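Residue numbers count from 1 along this sequence. Note that the coordinates shown come from a computational prediction; the quantities given were computed from them, not determined experimentally.
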Amino acid sequence: MPAKNDGPDDGSTPTKSEQTRALILETAMRLFQEHGYDKTTMRAIAKEAGVSVGNAYYYFEGKEHLIQGFYDRIAAEHQVAIREVLERETDLEARLAGVLRRWLDIAAPYHEFAVQFFKNAADPDSPLSPFSPESEHAREEAISVHREVLAGAAKTRMPEELRDILPELMWLAQMGLVLYWVYDRTEGRERSYRLADRGARLIARGVALARFRVLRPLVREVHELFTDFLPGMTRAVPDPAAPPRTGP
């Protein structure tokens with residue numbers, strides 16, 4: 001059962017149900033930060049939020065779904081934060097660097113919390129993994145950002161055959177930045193911001209080179225490498241540990 005979402009995200013006054021859902025999520029994030037993900041129970045979250053345990057489970061099936069709510073919140077806040085960048089910048093490198101920097105800005109208050117639950121998210125079988133089926137909505141939202149980054153780059157000619165591939169590769173590069181950010185202990189995560197800028201420069205150059213027909217097979221090969229072997233993105237090779245499928 002997915003987490004409840006009881007109203008449109010249209011800027012209107014939140015309903016009581018939406019307020020309760022937000023309260024539970026806010027409380028969970030605070031307790032995760034204070035006590036750690038593993039040591040925080042749904043009962044403790046409900047008690048701290050002043051709701052019944054049943055009410056907490058009505059909105060979120062479990063702690064994993066609270067993390068999905070966190071992912072969705074970050075994605076929604078990022079979508080708002082990048083508007084100014086995408087409306088102002090037309091250069092691909094500037095657009096991508098701005099988008100990555102805005103993500104670091106949005107995520108900054110959650111850095112210590114991210115460190116705590118990363119060991120769970122790193123498990124490929126965990127629903128907390130950014131590559132899990134449960135994370136699909138947030139993942140697709142993030143990939144859509146990169147589609148928009150590419151679509152609005154005035155001087156970037158993107159071959160039609162790479163139109164669906166490049167945004168996914170750019171998102172994977174962002175996941176590399178996220179991993180570095182989790183371990184970054186520099187003041188203000190200064191090295192993560194530097195990595196965002198340099199990564200954006202490298203990606204922009206790579207996208208520019210992809211317009212040459214001779215290099216397009218290489219781009220497709222890199223993409224196929226990830227989709228064949230990366231947990232959550234695998235589309236071609238079945239998991240040998242998975243039970244055999246039955247039926248049509």
Side-chain angles (χ1 to χ4, degrees), residues 71 74-112 114-115 118 121-122 129-131 135 138-159 162-212 215-227 229-233:
Y71 287 163
I74 289 287
E77 291 181 4
H78 191 223
Q79 284 276 5
V80 173
I82 64 175
R83 289 304 106 201
E84 180 267 336
V85 172
L86 297 183
E87 290 171 4
R88 182 185 72 245
E89 303 289 353
T90 58
D91 175 73
L92 177 58
E93 180 182 335
R95 287 169 69 83
L96 182 55
V99 162
L100 295 178
R101 280 177 158 270
R102 291 297 184 276
W103 188 92
L104 293 172
D105 292 342
I106 293 295
Y110 307 106
H111 185 264
E112 294 307 316
V115 172
F118 180 74
S129 167
F131 304 104
S135 301
R139 183 168 62 246
E140 286 301 318
E141 282 289 300
I143 292 173
S144 74
V145 167
H146 292 292
R147 292 194 188 100
E148 190 174 357
V149 168
L150 282 170
K155 297 181 180 179
T156 301
R157 295 175 56 190
M158 184 169 52
L162 302 182
R163 191 170 298 277
D164 292 330
I165 292 176
L166 288 174
E168 286 192 354
L169 290 176
M170 291 166 67
W171 174 73
L172 286 169
Q174 180 180 337
M175 289 299 97
L177 172 65
V178 172
L179 176 60
Y180 185 86
W181 170 80
V182 167
Y183 290 104
D184 187 2
R185 289 295 184 272
T186 57
E187 185 175 355
R189 318 304 163 209
E190 179 266 341
R191 289 183 66 87
S192 293
Y193 283 93
R194 286 170 54 196
L195 179 60
D197 291 339
R198 294 182 65 175
R201 184 180 311 122
L202 183 61
I203 292 170
R205 290 175 179 175
V207 172
L209 290 173
R211 73 177 185 272
F212 295 109
L215 293 177
R216 295 177 196 173
L218 178 60
V219 177
R220 290 197 299 272
E221 183 72 18
V222 171
H223 183 260
E224 288 171 6
L225 178 67
F226 285 115
T227 56
F229 294 102
L230 191 64
M233 296 190 71

Heavy-atom pair with the smallest gap, counting every atom of Leu92 and Ala204: CD2-CA, 3.9 Å
For Ala196 against Leu104, the heavy-atom pair lying closest together: CB-CD1, 4.2 Å
Separation of Asp105 CG from Ile82 CD1 (nearest 0.5 Å): 12.5 Å
Greater than 12 external heavy atoms within 6.0 Å of Glu112's CD: yes
SB check Glu168 Arg139 (cutoff 4.0 Å): no
Derivation and outcome, side-chain contact (heavy atoms from CB on, under 4.5 Å), residues Tyr110 and Ile74: CA-CA 10 Å; Tyr110 307 106; Ile74 289 287; 3.7 Å; yes
Tyr193: partners by ring-ring contact (aromatic ring centres under 6.0 Å, His included), with sequence neighbours left out: none
Partners passing side-chain hydrogen bond (donor to acceptor under 3.5 Å, both in side chains) against Arg185 (at least two apart in sequence or in another chain): none
Donor-acceptor pair, side chain of Arg95 and main chain of Val149, under 3.5 angstrom: yes
Under 3.5 Å donor-acceptor, Arg189 side chain and Trp181 backbone: no
Nearest-0.5 Å distance that lies between atom OH in Tyr71 and atom CD in Glu141: 15.5 Å
Intermediate values then yes/no, side-chain contact (heavy atoms from CB on, under 4.5 Å), Arg101 and Asp197: CA-CA 8 Å; Arg101 280 177 158 270; Asp197 291 339; 2.9 Å; yes
Criterion side-chain contact (heavy atoms from CB on, under 4.5 Å) against Met170, the qualifying member of Ile165, Ile203, Val145: Ile203
Over all atoms of both residues, closest heavy-atom pair of Ser144 and Gln79: OG-NE2, 3.5 Å
Trace of the side-chain contact (heavy atoms from CB on, under 4.5 Å) decision for Val99 with His78: CA-CA 8 Å; Val99 162; His78 191 223; 3.6 Å; yes
Pair Glu148-Arg83, salt bridge (charged side-chain N to carboxylate O under 4.0 Å, His left out): steps then yes or no: CA-CA 11 Å; Glu148 190 174 357; Arg83 289 304 106 201; 2.7 Å; yes
From Arg194 atom CZ to Thr186 atom OG1, the distance as rounded to the nearest 0.5 Å: 8.5 Å
Atom pair CD (Gln174) and CG (Leu179), whose distance is rounded to the nearest 0.5 Å: 12.5 Å
Atom pair CG/NE2 of Leu100 and His146 - distance to nearest 0.5 Å: 6.0 Å
Contacts of Ala142 that satisfy side-chain contact (heavy atoms from CB on, under 4.5 Å) - sequence neighbours left out: Trp171
From CD1 (Ile143) to CG (Leu172), nearest 0.5 Å: 7.5 Å
Residue pair Ser135 / Pro130: nearest heavy atoms and the distance that separates them: CB-O, 3.7 Å
Over all atoms of both residues, closest heavy-atom pair of His111 and Val182: NE2-O, 3.4 Å
Which atom of Glu89 lies closest to which atom of Ala94, heavy atoms considered: OE1-CB, 3.5 Å
Electrostatic pair Glu93-Arg201, nearest N-O below 4.0 angstrom: yes
Check: Ala154 main-chain N/O paired with Thr90 side-chain donor or acceptor under 3.5 Å: no
Atom CG of Asp164 with >12 non-hydrogen neighbours under 6.0 angstrom: no
